[in-house]
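What follows is a single structure, written as structure tokens, with notes after it.
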Amino acid sequence: MARKAAGKPPEEILLDWKREQASLKARVVDRDTEAWQRDPAFSGLQRVGGVDVSFVKDDSGSACASLVVLSYPELEVLYEDCRMVTLTAPYVSGFLAFRELPFLVDAVQQLRQREPRLMPQVLFVDGNGVLHHRGFGVACHLGVLTDLPCIGVAKKLLQVDGLENNALHKEKIQLLKAGGDSFPLMGGSGTVLGRALRSHDHSTKPLYVSVGHKISLEAAVRLTHSCCKFRIPEPVRQEQGGTKAKGVPPRSLRRACR
DNA sequence: GCGACAG
DNA sequence: ATCTTGTCGC
């Protein structure tokens with residue numbers, strides 16, 4: 001019972017979603033807009049954020065939407081918000097935003113109202129930016145709706161526009177020797193959609209970094225590497241510790257989940 | 001039937 | 001969004 005009838009939504013809903021993606025895509029800015037993004041040491045960058053929706057159990061409707069803000073370059077927690085939510089839209093590859101985004105936008109708006117001084121200068125998003133079926137992944141979507149610089153960080157390759165996790169791709173991964181090494185992900189259309197990044201020396205499985213909004217791919221990759229103590233960038237990893245306790249030490253000052 | 005499948 | 005299973009497109 002409680003059998004989840006979450007198949008794919010009807011075609012007309014998907015068409016609506018595609019229309020919305022196409023319309024908002026025009027507002028994406030895929031270059032550096034802030035002075036710190038061009039600085040070799042990111043001087044001027046003081047706060048980096050991360051957002052994610054993580055699941056409590058296998059109950060696919062009940063989840064925790066969280067927003068974490070860390071100091072830069074220390075990567076210490078300045079703010080954490082974690083809210084239990086009930087997801088309604090099903091997960092459909094290419095439409096992740098329609099499942100998770102409303103809660104992430106809410107979290108940013110809450111922060112804007114309560115602690116505007118703690119607003120992050122860039123957000124890491126668990127998922128893709130322009131590396132997407134229609135060039136408008138969840139990181140672009142969140143960036144456009146909040147007007148914040150956003151970086152898409154995916155843990156596996158979204159095989160789109162001719163990109164394949166094939167033998168050649170795996171060979172290229174083998175050539176990434178040190179943390180910070182990366183190679184471009186060139187789509188069939190001839191444009192670079194993102195970069196595969198070895199996020200630190202002891203991680204063999206790369207991250208897939210793409211532009212979300214208001215940052216160049218080069219700055220996005222460099223900043224992602226600079227925020228990785230482990231494979232997953234600290235802003236995203238910290239908040240996943242809120243629900244999963246995977247090696248994130250418990251902090252005394254943690255906001256209660258609402 | 002077989003492989004792909006961001007989270 | 002995983003160690004899984006189901007669904008869809010080919």
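Chain letters run A, B, ... following the sequence lines, proteins first, then strands; residues in each count from 1. All heavy atoms count here, side chains included; hydrogens, waters and symmetry mates do not.
- Taking atom CG of residue A:N165 and atom P of nucleotide B:dA4, one finds them 9 Å apart after rounding to whole Å.
- Geometrically, A:R198 does not engage A:F183 in a cation-pi contact defined by less than 6.0 Å to the ring centre and at most 45° from the axis.
- Within 4.0 Å (heavy atoms only), A:F98 reaches no atom of the nucleic acid at all.
- Between A:Y208 and A:H132, a ring centre-to-centre spacing not shorter than 6.0 Å is recorded.
- On the C1' atoms, C:dA1 is 15 Å away from C:dG6, given to the nearest whole Å.
- As a whole-Å value, the separation of A:I232 CD1 from B:dA6 P is 15 Å.
- For the side chain to side chain contact (heavy atoms under 4.5 Å, CB included) with A:Q238, the qualifying choice from A:D52, A:V77, A:V69 is A:V77, the only one to do so.
- You'll find that the side chain of A:L158 is closest to B:dA6, out of B:dA4, C:dA1, B:dA6.
- Partner of A:S182 under the side chain to side chain contact (heavy atoms under 4.5 Å, CB included) criterion, out of A:R222, A:K172, A:R195, A:H225: A:R195 alone.
- Atoms CZ (A:F95) and P (C:dC8) sit 15 Å apart, rounded to a whole Å.
- Atom CG of A:L87 is separated from atom P of C:dA1 by 13 Å (rounded to the nearest Å).
- Computed from coordinates, the A:Y208 OH to B:dC5 P distance equals 11 Å when rounded to whole Å.
- Atom CZ of A:R237 and atom C1' of C:dA1 are 18 Å apart (whole Å).
- When the C1' atom is used for both B:dC2 and C:dC3, the distance is 22 Å, rounded to whole Å.
- When heavy atoms are screened at a 4.0 angstrom cut-off, A:G94 is found touching base atoms of the nucleic acid.
- The separation of B:dG1 from C:dT4, taken at their P atoms, amounts to 23 Å, rounded to a whole angstrom.
- A distance below 6.0 Å separates the ring centres of A:H141 and A:F98.
- Phosphate proximity of B:dA6 to A:Y91: present, with a side-chain N or O under 4.0 Å from OP1 or OP2.
- Look at B:dG3: its Watson-Crick or wobble partner, with both distances under 3.5 angstrom, is C:dC8.
- In this structure, CD of A:E164 is placed 14 Å from P of B:dG3, rounded to the nearest angstrom.
- Protein atom CG of A:D52 is 8 Å distant from nucleotide atom C1' of B:dG7, rounded to whole Å.
- Note on A:K155: every side-chain N or O is 4.0 Å or more away from OP1 and OP2 of B:dC5.
- Heavy atoms of A:V138 sit under 4.0 angstrom from at least one base atom.
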